[in-house]
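See structure below.
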Amino acid sequence: MDDFAGTQVPVRRLTDPAEAIAELENAVPNLASLRLPEVRNVNWQVVEAELGATLPEDFKLLCERYPAFALGDFLGLGGPEADRERSWVQGLRETLEIIEEWCAEADLTVPLHPYPAPGGLLP
């Protein structure tokens, strides 16, 4: 697993969440047109406490600025809505259980596992 992750070296690391979102908007045609008229006031402390993990700042900013969206069949993004944080985490936990079953049944070349496994991935 370490060898797999080690092969992915960023050309440029963006550490400022706003800069990361701006770069994404530049890279994805018309993405900025989907931006919400007002920023969502998500209570990230509730989300992170319920989840037991700290989420990346750029993910949080993206969720606050955009509705759920998908880029082709490749990437989907959706986050909690204000005042629905706990139900979002519950839905995420249910998704993680399904993914764990898929991973257990799959013959994966690279052993990927969902959170909360060590190094586990969040959908």
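Just so you know, these numbers use all the heavy atoms, side chains as well, and skip hydrogens, waters and symmetry mates.
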Open item on the list: Quick one: does any side-chain atom of Tyr115 pair with a main-chain N or O of Pro123 as donor and acceptor, under 3.5 Å?
Closed with: no
Task: Sidechain-backbone polar pair: Asn43 side chain, Val46 backbone, donor-acceptor under 3.5 Å - done: yes
Do the side chains of [X] and [Y] join up, straight or via other hydrophobic residues, at under 4.5 Å, putting them in one cluster?
X     : Y      : value
Leu77 : Leu14  : no
Leu55 : Val42  : yes
Val28 : Leu34  : yes
Trp44 : Val39  : no
Val47 : Leu121 : no

Task: Derivation and outcome, side chain to side chain contact (heavy atoms under 4.5 Å, CB included), residues Leu24 and Leu62 - done: CA-CA 10 Å; Leu24 182 63; Leu62 198 59; 4.1 Å; yes
Open item on the list: Suppose we screen for side-chain hydrogen bond (donor to acceptor under 3.5 Å, both in side chains). Which residues come up paired with Glu48, at least two apart in sequence or across chains?
Closed with: Lys60
Nearest non-hydrogen partners of [X] and [Y], listed with the distance:
X     : Y     : value
Gly79 : Cys63 : CA-SG, 3.7 Å
Tyr66 : Arg40 : O-NH2, 3.3 Å
Ala68 : Gly78 : CB-CA, 4.0 Å

TODO: Can you tell me which residue pairs pass the salt bridge (Lys or Arg N to Asp or Glu O under 4.0 Å) test with a partner in residues 65-90, sequence neighbours excluded?
DONE: Glu50-Arg86
Task: Pairs where residues 88-105 contributes a residue and the test salt bridge (Lys or Arg N to Asp or Glu O under 4.0 Å) is met, not counting sequence neighbours - done: none
Task: Other residues, nucleotides, ligands: >12 heavy atoms within 6.0 Å of Asn30 CG - done: no
Task: Reported CD-to-CG distance for the pair Glu23 and Asp58, which is rounded to 0.5 angstrom - done: 12.5 Å
Open item on the list: Nearest 0.5 angstrom please: Leu96 CG to His113 NE2, how far?
Closed with: 13.5 Å
Open item on the list: So Pro17 and Ile21, do their side chains get closer than 4.5 Å, heavy atoms only?
Closed with: no
TODO: Would you mind reporting whether Pro114 and Leu122 have side-chain heavy atoms less than 4.5 Å apart?
DONE: no
